[in-house]
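Reviewing the structure listed below.
The first residue of the sequence shown is numbered 1, and numbering continues consecutively from there.
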Amino acid sequence: QVQLVESGGGSVQAGGSLRLSCVVSKYAFSMNCMGWFRQAPGKERAGVARIDSDGITRYADSVKGRFTISQDSAKNIFYLEMNSLKPEDTASYYCAAANWHCDSARLILPSDFHYWGQGTQVTVSS
C-alpha cells in the first residue's frame with residue numbers, strides 16, 4: 001500500500017515562507033508524476049504544481065515565481081517551497097502521486113492521481 005505523508009504546514013504572515021514535504025512510502029521508484037494541490041473552504045481542489053520523474057515542472061499561474069516544487073528521489077520525498085506567501089494562498093494543501101507520467105500539455109487535475117496525502121493546513125495572515 002502506497003502512503004503519502006505530508007508535513008510542514010502552519011501559520012505565517014503575508015510575505016513569509018513555508019516548505020511542505022511529502023514522503024512516499026513503498027514503491028516510490030514507480031511514481032512518475034508528483035504534484036501538489038490546494039483546497040480553500042467552499043472551493044474545488046486545484047492543482048498548484050507538479051514534477052515529473054524527469055524533473056520537468058509546471059505551475060499554476062497564481063504561484064509562478066513564488067513556489068518551487070522539487071524532489072529528492074533518494075529519500076523518496078518531494079517538496080513545495082512557498083515564498084512571498086499571500087492571504088489568498090490560505091488553504092489545505094495535498095500532495096499526490098501517480099505511476100504514469102504527467103500530462104505534458106497541462107497542469108494537473110485531481111483525476112490524474114490515485115495516491116494522496118492527508119492534507120496540511122497553510123494559513124497566511126495579512
Side-chain angles (χ1 to χ4, degrees):
Q1 181 79 16
V2 175
Q3 289 186 322
L4 278 63
V5 180
E6 303 167 10
S7 61
S11 297
V12 296
Q13 290 191 326
S17 298
L18 285 172
R19 187 175 79 159
L20 307 182
S21 300
C22 182
V23 176
V24 182
S25 65
K26 292 188 177 181
Y27 313 115
F29 63 91
S30 66
M31 298 299 142
N32 289 305
C33 184
M34 287 73 70
W36 289 94
F37 290 80
R38 65 187 180 186
Q39 187 168 18
K43 295 189 176 181
E44 293 186 352
R45 191 169 296 189
V48 175
R50 60 85 162 162
I51 186 165
D52 197 90
S53 55
D54 296 331
I56 298 172
T57 59
R58 196 175 185 110
Y59 298 90
D61 289 343
S62 59
V63 306
K64 281 180 183 177
R66 300 188 298 121
F67 290 13
T68 302
I69 187 171
S70 61
Q71 61 180 353
D72 184 336
S73 299
K75 296 183 177 180
N76 306 329
I77 303 175
F78 61 103
Y79 306 95
L80 184 67
E81 184 78 33
M82 304 184 294
N83 298 313
S84 302
L85 282 161
K86 304 175 181 181
E88 51 264 43
D89 294 318
T90 295
S92 293
Y93 283 72
Y94 299 86
C95 63
N99 299 111
W100 42 78
H101 286 275
C102 306
D103 189 318
S104 61
R106 57 169 174 78
L107 190 57
I108 47 179
L109 297 171
S111 57
D112 294 337
F113 297 90
H114 42 275
Y115 301 117
W116 290 87
Q118 79 283 4
T120 186
Q121 179 66 33
V122 171
T123 302
V124 185
S125 58
S126 58

So do the side chains of [X] and [Y] get within less than 4.5 Å of each other, counting heavy atoms only?
{"X": "Met31", "Y": "Tyr115", "answer": "yes"}
{"X": "Thr120", "Y": "Tyr93", "answer": "yes"}
{"X": "Arg38", "Y": "Asp89", "answer": "yes"}
{"X": "Val63", "Y": "Met82", "answer": "no"}

Where the side chain of [X] meets the backbone of [Y], is there a donor-acceptor pair that is under 3.5 Å apart?
{"X": "Asp52", "Y": "Asp54", "answer": "yes"}
{"X": "Thr90", "Y": "Val124", "answer": "yes"}
{"X": "Gln118", "Y": "Glu6", "answer": "yes"}
{"X": "Arg50", "Y": "Asp103", "answer": "yes"}

Nonpolar side-chain network containing Leu109, other nodes, edges under 4.5 Å: none

List, by chain and number, the other hydrophobic cluster members for Phe113, where Ile, Leu, Val, Met, Phe, Trp and Tyr join if side-chain heavy atoms come within less than 4.5 Å, directly or indirectly. Phe37, Tyr94, Leu107, Ile108, Trp116

Output the distance between atom [atom1] ([X]) and atom [atom2] ([Y]), rounded to the nearest 0.5 Å.
{"X": "Ser104", "Y": "Arg58", "atom1": "OG", "atom2": "CZ", "result": "7.5 Å"}
{"X": "Gln13", "Y": "Ser126", "atom1": "CD", "atom2": "OG", "result": "9.0 Å"}
{"X": "His101", "Y": "Ser53", "atom1": "NE2", "atom2": "OG", "result": "4.0 Å"}
{"X": "Glu81", "Y": "Ile69", "atom1": "CD", "atom2": "CD1", "result": "12.0 Å"}
{"X": "Phe67", "Y": "Thr57", "atom1": "CZ", "atom2": "OG1", "result": "14.0 Å"}

I need the full list of disulfide (SG to SG under 2.5 Å) pairs touching residues 1-73, with sequence neighbours left out, sorted by first then second residue. Cys22-Cys95, Cys33-Cys102

Lys64/Asp61 salt bridge by N-O under 4.0 Å criterion: yes

Worked verdict on Asp112 versus Arg106 for side chain to side chain contact (heavy atoms under 4.5 Å, CB included): CA-CA 11 Å; Asp112 294 337; Arg106 57 169 174 78; 2.8 Å; yes

Identify the two heavy atoms, one from Arg66 and one from Ser84, that lie closest to each other, and give their separation to 0.1 Å. NH1-O, 2.9 Å

Under the criterion side chain to side chain contact (heavy atoms under 4.5 Å, CB included), which of Thr68, Asp72, Ile51 is the partner of Tyr79? Asp72

